[in-house]
There are 2 protein chains.
Amino acid sequence: MGITKTQIFTEKQNDLAQFFKVLGHPARVAILQYISNQNACICNDLVEEIGLAQATISQHLKELKSIGLLNGEIEGKSMCYCINVERWTAIQNQLNLFFNTTKSNCC
Amino acid sequence: MGITKTQIFTEKQNDLAQFFKVLGHPARVAILQYISNQNACICNDLVEEIGLAQATISQHLKELKSIGLLNGEIEGKSMCYCINVERWTAIQNQLNLFFNTTKSNCC
DNA sequence: TTTATATATTGCAATATTACGATATTAAAT
DNA sequence: ATTTAATATCGTAATATTGCAATATATAAA
């Protein structure tokens, strides 16, 4: 097997899990933190900063983009990646809804 | 490769990613939601409820236990799984800290 | 136009995850 | 003691993820 049976879950459950999954890699956590710490938007020295190959960083950025967490704008010959604040907040709210709704009724 | 380079990240980044990762599967989201909806603690009909094989459910429960999210108590011949509320809240707080700290400074 | 620089994509190897059948293990019931 | 029921573990197949070198693409600078 090896394949997740997404059909047996609700769309909400799959979406939620997808958000968690994308955030579930230390490189992607580090990338988001690094981008957020830059005052400017020139986010290209991620390769040096993080310490993974350029191809690998590019792949992680793609995954973060896939859930809409990052905006990328062409800035001359480099790319300006920045956090999509609206999406960021929306996802945070969804996760909190999950945490607040899912509460223990026992023990 | 296929192996995550945890050594190049901070412990906090790895921990955070680990929490996200464990929550990053729809079956585990569904398990947590189901347990939280039961008034009693007899959480053994997960297999019927979720629709995955017993071995698979057991594996997912193990992962949820691995980050301390579930408590398991022996209740006769079955197991009583319930959410560890203290841990649950602690993790929610850590995730929110990450979300609030990591804010956009650009665009 | 050529060169240099930044990023994306492709292809591939190594490892991880998901899922399940089969087989323990454990405790209650007979 | 044996049987039944619930859960855990083992072994294994299928698929996914991680990471990188090589290559493609695109823009600025020369």
Side-chain angles (χ1 to χ4, degrees), chain A residues 1-9 13-14 17-31 34-35 38 40-67 70-82, chain B residues 1-9 13-14 17-31 34-35 38 40-67 70-82:
Chain A
M1 317 274 141
I3 190 164
T4 299
K5 291 188 162 179
T6 48
Q7 344 81 260
I8 67 175
F9 304 106
Q13 288 170 334
N14 283 316
Q18 184 60 27
F19 298 150
F20 281 126
K21 194 176 181 180
V22 169
L23 294 168
H25 192 289
R28 295 193 282 271
V29 167
I31 286 171
Y34 182 75
I35 291 180
Q38 299 302 102
C41 229
I42 301 98
C43 317
N44 85 340
D45 25 26
L46 280 167
V47 175
E48 269 185 40
E49 189 62 28
I50 309 276
L52 289 170
Q54 184 268 321
T56 309
I57 296 290
S58 187
Q59 209 173 262
H60 284 304
L61 288 168
K62 195 179 178 182
E63 290 190 69
L64 289 166
K65 268 185 288 181
S66 80
I67 56 166
L70 288 185
N71 286 334
E73 276 181 37
I74 298 166
E75 192 114 328
K77 60 184 169 185
S78 58
M79 280 294 276
C80 160
Y81 276 114
C82 54
Chain B
M1 312 278 141
I3 189 163
T4 299
K5 291 191 161 177
T6 47
Q7 343 80 260
I8 69 175
F9 304 106
Q13 288 170 334
N14 284 316
Q18 184 61 25
F19 297 150
F20 280 126
K21 194 176 183 181
V22 169
L23 294 168
H25 192 289
R28 294 193 283 271
V29 167
I31 286 171
Y34 183 74
I35 291 182
Q38 298 302 103
C41 229
I42 300 98
C43 317
N44 88 335
D45 24 27
L46 280 166
V47 175
E48 269 185 41
E49 189 63 28
I50 309 275
L52 290 169
Q54 182 267 320
T56 309
I57 296 289
S58 187
Q59 210 173 261
H60 283 304
L61 288 169
K62 195 178 175 182
E63 290 190 68
L64 289 167
K65 269 186 287 179
S66 79
I67 56 166
L70 288 185
N71 286 333
E73 276 180 38
I74 299 165
E75 192 113 328
K77 60 185 169 185
S78 59
M79 281 293 278
C80 160
Y81 277 113
C82 55

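Side chains are part of it too, since the values below use all heavy atoms of this structure and drop only hydrogens, waters and symmetry mates. Below, chain A is the first sequence line, B the second, and so on; all start at residue 1.
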Tell me: [atom1] of [X] to [atom2] of [N], nearest whole Å?
X: Q59(A); N: dT9(C); atom1: CD; atom2: C1'; value: 10 Å
X: N14(A); N: dT18(C); atom1: CG; atom2: P; value: 13 Å
X: I31(B); N: dT18(C); atom1: CD1; atom2: P; value: 11 Å
X: L46(B); N: dA5(D); atom1: CG; atom2: P; value: 19 Å
X: K77(A); N: dT27(D); atom1: NZ; atom2: P; value: 13 Å
X: Q18(B); N: dT17(D); atom1: CD; atom2: P; value: 16 Å
X: R28(A); N: dT18(D); atom1: CZ; atom2: C1'; value: 9 Å
X: I50(A); N: dT7(C); atom1: CD1; atom2: P; value: 13 Å

OP1 or OP2 of [N] versus the side-chain N and O atoms of [X]: is any pair under 4.0 Å?
X: H60(B); N: dT17(C); value: no
X: T56(A); N: dT18(D); value: no
X: K5(A); N: dT15(D); value: no
X: S58(B); N: dA8(D); value: yes
X: K21(A); N: dT17(C); value: no
X: Y81(A); N: dA8(C); value: yes

> Hey, which of these two, H25(A) or Q54(A), hits DNA chain D nearer its 5' end, going by closest nucleotide?
Replying inline: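 Comparing both residues, the 5'-ward one is H25(A).
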>> Need to verify one output field. Residue with the more 5' nearest nucleotide on DNA chain D, G24(A) or K62(B)?
In response: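 It is K62(B) whose nearest nucleotide is closer to the 5' end.
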>> Please report the interatomic distance CD(Q59(B)) to CD(Q54(B)), rounded to the nearest 0.5 Å.
In response: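 Between Q59(B) CD and Q54(B) CD, I get 11.0 Å after rounding to 0.5 Å.
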> When the ring planes of H25(B) and F9(A) are compared, do they come out parallel, tilted or perpendicular, using 30° and 60° as the limits?
Replying inline: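 H25(B) and F9(A): perpendicular rings.
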> When you look at CD of Q7(A), are more than 12 heavy atoms from neighbouring residues, nucleotides or ligands closer to it than 6.0 Å?
Replying inline: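 Correct, the count exceeds 12.
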> So do the side chains of T56(A) and I50(A) get within less than 4.5 Å of each other, counting heavy atoms only?
Replying inline: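 With C-beta onward as the side chain, the pair stays apart.
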>> Just to be sure I understand the rule, does L52(A) reach a base, reach only the sugar-phosphate, or reach nothing, if contact means heavy atoms closer than 4.0 Å?
In response: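 The answer is sugar-phosphate, as L52(A) gets under 4.0 Å only of primed atoms, P, OP1 or OP2.
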> When we call it a touch if two heavy atoms are under 4.0 Å apart, what does A53(B) touch: a base, just sugar-phosphate, or nothing?
Replying inline: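 Sugar-phosphate, no base atom in range.
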> So, for E63(B) and V22(B), which heavy atoms are closest and what is the spacing to 0.1 Å?
Replying inline: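 Taking E63(B) first and V22(B) second, the nearest heavy atoms are O-CG1, 3.7 Å.
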>> Please pick, from dA8(C), dT18(C), dA21(D), the nucleotide with the shortest atom-to-atom distance to any side-chain atom of L61(A).
In response: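 So the nucleotide nearest the side chain must be dA8(C).
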